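Please read these numbers as outputs of a predicted model, since none were measured by experiment.
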Amino acid sequence: MKSKIATVGAPIAVIALIVSLVLVAIFQTKAQEQDHAVAVTVPVELKAGGSVRGGSIGLLVTVGNENAEGSEWNQAAAGAQVALERFNRAGAGITLVTEDDRGTASGALAAVRSLAEQNVSGIIVATRGKHLKEAIDLAQQLDIPLIFPYDSPDAEGTWSFQVDDHSMKNLMAVHNAGQRLIRLDQENFGGVEYPADQVVKVTAGTDTEQLARDLSQQVKDSKVPVAIAINADPYLQARVVRSLQDLGVDAELILAPGATSPAFGASYLSGEVKRSTINAVSIGYDSGDAVALKSDGEGRSMSAYLQMVKIMSDSSDATSPLGDQPFSEVAGAADSRSHDSLVAFVRAMEGSPSHKAKDVKETLEGLKLSPADGVTSGSLDFSSQHAVQAKPVLLASSIGNLDMRGSLPSARAGVQWFPKA
């Protein structure tokens with residue numbers, strides 16, 4: 001971002017204090033983790049070595065409605081813009097080049113070609129789905145490293161911030177012990193198929209109210225507790241959850257990782273919501289705003305990230321990554337995982353002999369990061385394809401805002417995710 005943004009806003013300590021009083025009954029006490037030598041206060045700006053100056057990083061997003069595969073993460077990708085601003089305020093002089101793949105295979109191929117022609121050092125793929133396969137193959141041929149904050153492809157030269165399928169199945173097997181599991185599978189969605197006692201096929205056009213009535217009767221007739229796993233895109237997940245919740249179906253709901261996307265919350269909360277809680281869990285890492293309430297290095301790093309979100313939201317000059325709307329319109333959705341993806345690429349560029357994608361890829365393969373490097377997600381180790389080193393956890397949800405991003409023009413209640421107690 002070329003124009004400098006003025007620093008405004010209340011100190012993070014004050015915000016955290018107010019929020020902690022509200023959330024003390026919600027979030028469990030956790031043992032303090034290693035501090036990773038993070039300062040007591042983390043500066044909003046992130047410093048990088050002079051070797052990164054003039055470098056560029058690609059960002060691939062999908063813009064569209066629910067028919068565009070991967071579009072649920074479009075606004076979440078604004079976290080990368082936050083990281084860019086943090087580095088450039090400290091004089092890094094790097095560029096974020098954003099392309100829209102439109103949710104199609106041809107669009108994804110064209111986007112990767114365009115980014116390659118613009119000599120990006122790596123690409124943050126802030127979308128997901130089968131339409132990316134050929135684009136991933138092309139990136140492999142061109143030796144361009146790819147970081148997927150919201151997907152988990154099995155391909156060389158790619159890294160993911162998502163939980164691997166094996167770990168998800170193991171964790172869910174323990175959690176579901178003694179329950180009858182009904183799994184709803186959306187046609188052509190993919191996703192993780194947990195072992196189930198019954199599988200029900202659904203589509204985007206499924207009458208979710210009738211589905212809820214059918215499932216409600218099965219739950220009532222069952223002699224053992226029932227859990228319902230919804231293996232679908234966030235838009236359909238939200239509709240099914242609304243229908244089940246409105247009918248008062250007494251079953252725990254197990255949601256796919258896309259439930260943590262901005263699109264799930266927006267879809268679920270559209271119209272009148274009858275309940276203020278959601279009887280649902282998902283599997284992931286602790287990467288929500290509530291991390292800022294921790295007293296360790298991870299908490300302070302998240303606090304600094306959220307402060308920059310607030311600064312950019314209050315600025316009339318800040319825009320979304322595509323530059324098509326004010327940043328304030330996406331500030332509530334800007335996600336820390338896309339932020340950490342850009343931080344990782346910048347740190348790899350620091351240790352690389354050049355900005356060439358092949359050199360940065362080789363450096364990234366041995367990179368290890370902690371909150372001291374600017375990431376909010378704890379430790380990252382890129383010697384593993386699944387780079388997040390924290391243990392995956394069950395995530396519980398709550399409706400409401402943590403009010404840690406300032407006064408957002410588009411602010412309204414959202415769905416927040418945090419470790420289940």
Side-chain angles (χ1 to χ4, degrees), residues 69-70 72-73 125 127-130 132-133 136 147-156 158-202 215 218-219 222 224-238 240-241 244 249 251-261 264 278-288 337 377-397 417-421:
E69 186 179 54
E72 63 265 25
W73 297 109
V125 186
T127 179
R128 60 95 198 156
K130 298 177 181 179
L132 296 169
K133 184 180 184 306
I136 294 173
I147 295 180
F148 288 77
Y150 311 116
D151 202 1
S152 185
D154 184 16
E156 189 274 333
T158 67
W159 288 269
S160 172
F161 290 172
Q162 290 290 300
V163 181
D164 65 276
D165 291 0
H166 180 70
S167 295
M168 291 180 69
K169 288 180 179 179
N170 285 345
L171 182 56
M172 197 52 64
V174 174
H175 179 67
N176 285 339
Q179 295 189 96
R180 179 171 182 264
L181 182 65
I182 301 174
R183 194 181 75 230
L184 309 183
D185 280 355
Q186 182 180 8
E187 184 179 13
N188 297 322
F189 175 69
V192 180
E193 297 181 350
Y194 301 121
D197 299 286
Q198 179 184 352
V199 177
V200 178
K201 298 294 184 179
V202 295
L215 291 172
Q218 291 191 48
V219 170
S222 178
V224 296
V226 176
I228 301 172
I230 307 175
N231 185 33
D233 68 52
Y235 305 97
L236 180 54
Q237 282 193 77
V240 173
V241 172
L244 290 170
V249 176
E252 181 180 59
L253 309 181
I254 301 166
L255 307 185
T260 65
S261 70
F264 174 85
I278 303 176
N279 183 29
V281 296
S282 186
I283 292 179
Y285 299 109
D286 188 8
S287 61
R337 288 165 285 186
S377 50
S379 297
L380 299 175
D381 184 351
F382 288 88
S383 64
S384 170
Q385 187 178 25
H386 292 271
V388 179
Q389 295 303 289
K391 291 184 179 181
V393 295
L394 287 173
L395 299 173
S397 58
W417 293 89
F418 50 88
K420 182 178 174 65

Quick one: closest heavy-atom pair of [X] and [Y], and the distance?
X: G258; Y: P234; answer: O-CG, 3.3 Å
X: D197; Y: R180; answer: OD2-CA, 3.4 Å
X: G70; Y: T127; answer: CA-OG1, 3.2 Å

Inset, instruction - Kindly write out the residues that satisfy salt bridge (charged side-chain N to carboxylate O under 4.0 Å, His left out) with R337, not counting sequence neighbours, or none if the list is empty. - result: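 Applying salt bridge (charged side-chain N to carboxylate O under 4.0 Å, His left out) to R337 gives D335.
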
Within a strict 4.5 Å, meaning less than it, do heavy atoms of the [X] and [Y] side chains meet?
X: L184; Y: Q237; result: no
X: V388; Y: W159; result: no
X: I136; Y: K133; result: no
X: M172; Y: I254; result: yes
X: I228; Y: V240; result: no

Legend entry - Test item: side-chain donor near acceptor, Q186 and D233, under 3.5 Å: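 Looking only at side-chain atoms, D233 and Q186 do form a donor-acceptor pair, the distance falling under 3.5 Å.
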
Legend entry - Donor + acceptor pair across side chains of S384, D381 (<3.5 Å): no

Inset, instruction - Please check if the side chain of D164 supplies one atom and the backbone of S167 the other of a donor-acceptor pair under 3.5 Å. - result: yes

Inset, instruction - Using atom types as modelled and distance alone, determine if a side-chain donor or acceptor of S282 lies under 3.5 Å from a backbone N or O of L255. - result: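 A pair under 3.5 Å: yes.
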
Would you be so kind as to tabulate the donor-acceptor pairs closer than 3.5 Å made by side chains of residues 389-397, with sequence neighbours excluded?
{"residue": "Q389", "atom": "NE2", "partner": "A387", "partner atom": "O", "Å": "3.1"}

How long is the straight-line distance from [atom2] of [Y] back to [atom1] of [X], given to the nearest 0.5 Å?
X: E69; Y: K130; atom1: CD; atom2: NZ; result: 7.5 Å
X: H386; Y: T158; atom1: NE2; atom2: OG1; result: 8.0 Å
X: T260; Y: I283; atom1: OG1; atom2: CD1; result: 12.0 Å

